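Order of the sequence lines sets the chain letters (A, B, ...), proteins ahead of strands, with each chain counted from 1. Given the structure is predicted, the values throughout are model-derived calculations rather than measurements.
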There are 2 protein chains.
Amino acid sequence: MNSPGDVLDLISRGDAGTRAELARITGLARSTIAQRVEALIAHGLVEERETGASTGGRPPRVLRLNTDRNHVVGVDLGATHCRVALMDIGGALLADREDPLLITEGPEPVMRHIEERMRELLAEAGRPLETVKAVGIGVPGPVEFATGRPVNPPIMPGWHEYPVPAHFAGRYDFDVLVDNDVNTLALGELRHGRTAAENLLFVKVGTGIGCGIIAGGRLHRGAQGAAGDIGHIRVPGAGDAPCRCGNTGCLEAVAGGGALAARLTEAGVPAADGRAVAALAAAGEPLAVRLVREAGRGIGDVLAGLVNFFNPEAIVVGGALAAVHEPLLAGVREVIYRRSLPLATNRLTVAPSGAGEKGGALGAGRLAIDHVLAPEQIDRALAGRAAGPASAAR
Amino acid sequence: MNSPGDVLDLISRGDAGTRAELARITGLARSTIAQRVEALIAHGLVEERETGASTGGRPPRVLRLNTDRNHVVGVDLGATHCRVALMDIGGALLADREDPLLITEGPEPVMRHIEERMRELLAEAGRPLETVKAVGIGVPGPVEFATGRPVNPPIMPGWHEYPVPAHFAGRYDFDVLVDNDVNTLALGELRHGRTAAENLLFVKVGTGIGCGIIAGGRLHRGAQGAAGDIGHIRVPGAGDAPCRCGNTGCLEAVAGGGALAARLTEAGVPAADGRAVAALAAAGEPLAVRLVREAGRGIGDVLAGLVNFFNPEAIVVGGALAAVHEPLLAGVREVIYRRSLPLATNRLTVAPSGAGEKGGALGAGRLAIDHVLAPEQIDRALAGRAAGPASAAR
DNA sequence: CCCCTTTCGTCGAAAATCGACGAAAGTCGC
DNA sequence: GCGACTTTCGTCGATTTTCGACGAAAGGGG
């Protein structure tokens with residue numbers, strides 16, 4: 001329970017910033033703490049930069065993660081874009097870049113693009129390659145997390161069972177983590193946004209609709225990594241709108257960006273996709289605003305049920321359609337507070353994503369950080385045993 | 001990671017039955033294991049009863065939980081009954097009794113009843129009171145688990161905020177855990193039934209409809225302990241049946257035992273409650289069978305959405321209405337496999353509860369067992385520090 | 001400027017853990 | 001039936017980890 005890894009954990013979470021605090025919290029002797037800290041410093045994981053303010057006695061030496069020698073890369077892959085972010089181990093964003101990129105081009109070109117961007121960002125920030133300890137990648141589809149293979153992703157043809165980490169294996173010395181983008185978004189919100197909740201739902205409303213689930217402070221991926229696929233839940237109020245999945249009345253067919261764009265186009269206001277709908281709504285186009293608000297109601301209808309079931313303390317809404325918070329969230333809140341049980345809603349907050357456009361990449365980076373700083377991982381590193389090769393993880 | 005408590009954990013889970021196995025699994029030296037086992041035996045937690053079969057060398061001495069000196073009590077409180085079960089720490093049922101008891105009589109009489117039955121069962125089984133290490137109680141309503149207080153339970157007037165553990169505090173030396181009965185049922189299924197799943201939903205179909213959630217092997221209680229209240233989720237297909245909660249189209253109004261009984265009575269077949277409906281269906285009354293199957297479809301409609309969202313590997317159905325598996329489960333399966341995504345259903349099992357009538361009490365006992373055997377709890381006991389007083393827990 | 005407080009490093013003492021050894025208790029082959 | 005081999009288990013000294021006391025460092029306050 002109080003291994004060296006746990007000591008680092010306390011430092012990284014900001015629970016303890018000095019040796020004395022660590023000793024107080026863990027209950028270990030100060031000399032033991034001193035020895036552990038020494039080891040962490042020797043391994044380049046922790047540094048003493050400044051000395052803190054005195055509280056009446058000798059001022060403490062402040063410990064912090066060594067952000068100069070430990071970095072991660074977070075990648076947010078969308079249907080039509082790719083954002084690569086370089087972060088230090090403390091979670092600070094050092095550099096990032098977004099490019100248009102069609103995920104339909106298949107894994108190999110995309111992976112090469114990521115690799116190239118990663119090297120560019122490192123050069124730009126003046127950090128050596130060896131300081132990258134892990135890479136996190138969020139992809140728009142279900143993933144078998146343990147092996148980093150997408151499984152039958154609907155909008156990623158050619159990626160089925162492609163072993164993403166294998167692309168880096170052997171040639172690099174970092175681990176590669178791959179996850180569904182809604183999960184990285186949820187992580188990003190949990191650790192970079194304003195919402196600190198043990199039980200959190202991140203709802204991404206784009207062309208499709210998905211949901212990242214934090215249960216008891218940990219990501220819930222479900223039995224096959226398929227959890228959170230709420231786009232094809234039937235909406236109670238809605239009619240029989242046909243969905244591409246073959247069923248009717250799915251949330252995606254009612255409130256997805258594609259469905260809204262089609263309806264808008266049909267009504268004489270051309271819109272290509274969810275992003276365009278959001279732009280029109282933001283510009284004040286009345287029909288677009290009305291459709292977005294109605295979409296919010298549809299989403300709220302489904303979420304109302306999930307609130308009863310899951311009882312989260314926070315729901316965060318993001319994705320292309322959430323670029324216009326007001327009408328969407330208004331619709332969502334309206335239905336949730338009407339349909340869900342009081343006990344489940346009296347402390348529930350429904351808010352827009354606080355991490356913004358970069359949330360996906362930041363969350364993917366956070367996935368990598370959490371992997372690197374996991375106590376077991378640290379204990380292994382300090383024990384001298386080299387971590388596994390640059391492949392899958394956990 | 002390898003404290004004495006973890007050693008006991010391996011023994012209690014059946015992962016290791018001998019000192020040599022413990023050493024192999026933990027990686028600790030045999031002498032260290034021997035010392036830990038000695039401490040556990042000295043504290044009466046473990047015993048050596050028999051000596052195992054040789055595998056070619058000296059036969060091992062088999063370690064097991066000391067079931068003679070460690071017991072728990074599990075209590076299943078329903079609207080109209082109370083079952084008290086005496087179990088040993090290994091989970092074996094020693095004696096139990098069910099009595100009719102109206103929970104509406106209020107906390108004090110009910111608690112006195114439990115206390116009395118507990119003493120009777122102990123006398124019957126010839127076990128001294130001091131061997132009871134914890135008591136688990138499942139109640140039909142939401143509970144703030146940390147304090148053991150029901151919060152606004154709809155069918156338990158007078159129980160709001162009543163501190164259940166306080167009834168025993170001071171007079172006994174065990175901890176008291178209180179939880180929603182769907183949670184104890186889920187635990188019972190997980191540990192006593194046939195279903196070993198990390199992600200499990202236990203759906204209880206009685207007068208109301210509730211759901212116990214196991215996420216990643218642990219109970220998910222949600223932000224306010226209100227998780228799993230699926231009875232008031234709106235059913236997609238259903239109409240506007242009014243519900244006692246004030247909304248319309250709730251699952252409970254469509255498929256709850258009360259609603260079915262009312263509809264059956266209306267049609268000229270008098271039935272008092274869900275139990276009566278089940279009895280009629282079991283006897284072959286055609287209308288009852290049809291209604292139960294339709295209720296199954298309604299439940300399936302809601303579960304189909306939850307399967308997409310939560311991606312469990314198993315759904316277990318119990319409760320009064322589930323006494324007739326076939327029509328109910330047929331309806332549930334029919335809709336789930338039609339409406340949920342293939343990835344989420346291809347390994348999903350939908351089964352009746354394997355624990356039977358006593359599942360609730362057994363699960364409550366298991367809640368108590370898990371509390372007693374939690375590694376931190378064991379480490380504390382072995383370190384000499386007395387556990388907290390006979391009150392709340394965790 | 002002296003006393004008090006808090007932090008931190010050092011070092012011997014105490015405790016936990018390990019590893020080697022030998023005895024116990026069985027199987028297997030001749 | 002007997003000896004060689006295997007596996008388990010207890011013991012005990014050696015090693016490693018952890019603790020606790022001591023004193024020095026570094027600042028605040030009167």
Side-chain angles (χ1 to χ4, degrees), chain A residues 1-11 14-43 46-64 375-376 378-385, chain B residues 1-11 14-43 46-64 375-376 378-385:
Chain A
M1 182 49 98
N2 278 322
S3 69
D6 294 312
V7 171
L8 181 59
D9 204 49
L10 289 169
I11 296 173
D15 293 338
T18 72
R19 290 170 175 80
E21 268 179 40
L22 285 166
R24 272 195 295 270
I25 294 177
T26 61
L28 271 60
R30 277 174 291 274
S31 45
T32 307
I33 292 292
Q35 181 216 330
R36 301 227 162 127
V37 168
E38 197 176 6
L40 290 170
I41 291 178
H43 277 255
V46 167
E47 63 177 348
E48 280 173 345
R49 194 164 292 184
E50 51 205 7
T51 141
S54 162
T55 61
R58 170 173 176 172
R61 289 205 255 160
V62 176
L63 302 170
R64 32 174 294 176
E376 318 85 56
I378 297 296
D379 290 349
R380 218 174 306 153
L382 261 60
R385 271 164 289 170
Chain B
M1 182 50 99
N2 278 323
S3 67
D6 294 312
V7 170
L8 181 60
D9 204 49
L10 288 168
I11 297 173
D15 293 337
T18 72
R19 290 170 177 78
E21 268 179 40
L22 284 166
R24 272 195 295 270
I25 294 177
T26 62
L28 272 57
R30 278 175 289 275
S31 45
T32 306
I33 291 293
Q35 180 216 331
R36 300 228 164 128
V37 167
E38 197 176 5
L40 290 170
I41 292 178
H43 277 255
V46 167
E47 64 177 348
E48 282 173 344
R49 193 164 293 183
E50 52 204 7
T51 142
S54 163
T55 60
R58 170 174 174 171
R61 289 204 255 160
V62 176
L63 302 171
R64 33 173 293 174
E376 319 86 55
I378 296 297
D379 291 349
R380 218 173 307 154
L382 261 61
R385 270 165 290 169

B:Leu63 CG to D:dT8 P: how many Å, rounded?
-> 12 Å
Indicate, yes or no, whether a donor-acceptor pair under 3.5 Å links the base of D:dG20 to the side chain of A:Ser31.
-> yes
Nearest-nucleotide comparison on DNA chain C, the residue closer to the 5′ end among A:Pro60 and B:Leu28 = A:Pro60
When you check the phosphate oxygens OP1 and OP2 of C:dC18, does a side-chain N or O of B:Thr32 lie under 4.0 Å from one of them?
-> yes
Rounded to whole Å, CZ of B:Arg36 lies from C1' of D:dG10 at a distance of 17 Å
Nucleotide nearest B:Gln35 when distance is taken to its side chain, options D:dT8, D:dC19, C:dT17 = C:dT17
Between atom CD in B:Glu48 and atom P in D:dG10, what is the gap in whole Å?
-> 7 Å
Rounded to whole angstroms, how far apart are CD on A:Glu38 and P on D:dT17?
-> 13 Å
Distance col, row B:Arg49:CZ vs B:Leu63:CG, nearest 0.5 angstrom, shows 12.5 Å
Specify the residue among A:Ala29 and A:Gly57 whose closest nucleotide of DNA chain D lies further upstream toward the 5′ end.
-> A:Ala29
Looking at A:Arg30, does any N or O in its side chain come under 4.0 Å of the phosphate oxygens OP1/OP2 on C:dT6?
-> no
Between B:Gly56 and B:Ser54, which heavy-atom pair has the shortest distance, and what is it?
-> N-OG, 2.9 Å
B:Ser54 side-chain proximity, nearest of C:dT27, D:dG28, D:dT7 | C:dT27
A:Glu21 atom CD is separated from C:dT7 atom P, nearest whole Å, by 8 Å
Taking NZ, NE, NH1 and NH2 as the nitrogens, is one of them in A:Arg19 or A:Glu38 under 4.0 Å from a carboxylate oxygen of the other?
-> no
Short side-chain to backbone donor-acceptor contact, B:Asp9 and B:Pro375, under 3.5 Å = no
Contact under 4.0 Å: B:Arg61 side-chain N or O vs D:dG10 OP1/OP2 | yes
What is the distance from CZ of B:Arg24 to C1' of D:dT6, rounded to the nearest Å?
-> 12 Å
Nearest-0.5 Å distance, CG of residue B:Leu40 to CG of residue B:Leu8 | 5.5 Å
Kindly say if B:Arg19 contacts the phosphate of D:dT7, meaning a side-chain N or O under 4.0 Å from OP1 or OP2.
-> no
Got a donor-acceptor pair under 3.5 Å from the side chain of B:Arg58 to the base of D:dT7?
-> no
